[in-house]
Amino acid sequence: MDGKYNFPIKKCPRCGGTIFAVKQKIKGIGEYFVDMETGEIDNELLNNGLIYDNVGKYAVCRDCGKRLFKIDNYLNVIE
């Protein structure tokens, strides 16, 4: 995913929110590293071994919960 998408609306028609949520199922094992001298935690690679799968079929407004439009697993809008 390149981060650029063309969605049918730019904001929620109910509340005006501009961010939507998609439910995901996340599977896998992560690993983080701890420096024994400083106690600093490096979790930069924590998510590399995880598999993300959209289980939500709709983009849902983060603010009010309204269903906005139907999407596939790659955030393509389904008409």
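Atoms considered below: every heavy atom in the structure, side chains included; atoms not considered: hydrogens, waters and symmetry mates.
Applying the side-chain hydrogen bond (donor to acceptor under 3.5 Å, both in side chains) rule to pairs touching residues 19-46 yields Q24-N54, sequence neighbours excluded. Within the structure, the ring pair (Phe, Tyr, Trp, His ring centres under 6.0 Å) test picks out no pair touching residues 34-63 (sequence neighbours left out).
In this structure, SG in C12 is found 13.5 Å from CZ in R67, a value given to the nearest 0.5 Å. The SG atom of C61 lies 9.5 Å from the NZ atom of K66; values are rounded to the nearest 0.5 Å. Between I29 atom CD1 and N48 atom CG the span is 14.0 Å, to the nearest 0.5 Å.
V60 and F69 fall into different hydrophobic clusters, where Ile, Leu, Val, Met, Phe, Trp and Tyr residues are linked whenever their side-chain heavy atoms come under 4.5 Å apart, directly or through other members. Tracing side-chain contacts under 4.5 Å through hydrophobic residues (I, L, V, M, F, W, Y), one reaches L75 starting from V77; they form part of the same cluster. Side-chain heavy atoms closer than 4.5 Å link hydrophobic residues (I, L, V, M, F, W, Y) into clusters, and following such links, even through other members, never connects L50 to L45. Cluster membership check: L46 does not share its hydrophobic cluster with I26, using side-chain heavy-atom separations under 4.5 Å among Ile, Leu, Val, Met, Phe, Trp and Tyr.
Residues meeting the side-chain contact (heavy atoms from CB on, under 4.5 Å) test with I78, sequence neighbours left out: K70, D72.
Residues V22 and I71 meet the side-chain proximity criterion, which asks for heavy atoms closer than 4.5 Å.
Between K10 and N6, the shortest heavy-atom contact is NZ-OD1, 4.0 Å. Of all heavy-atom pairs between P13 and L68, the closest is CD-CD2, 3.9 Å.
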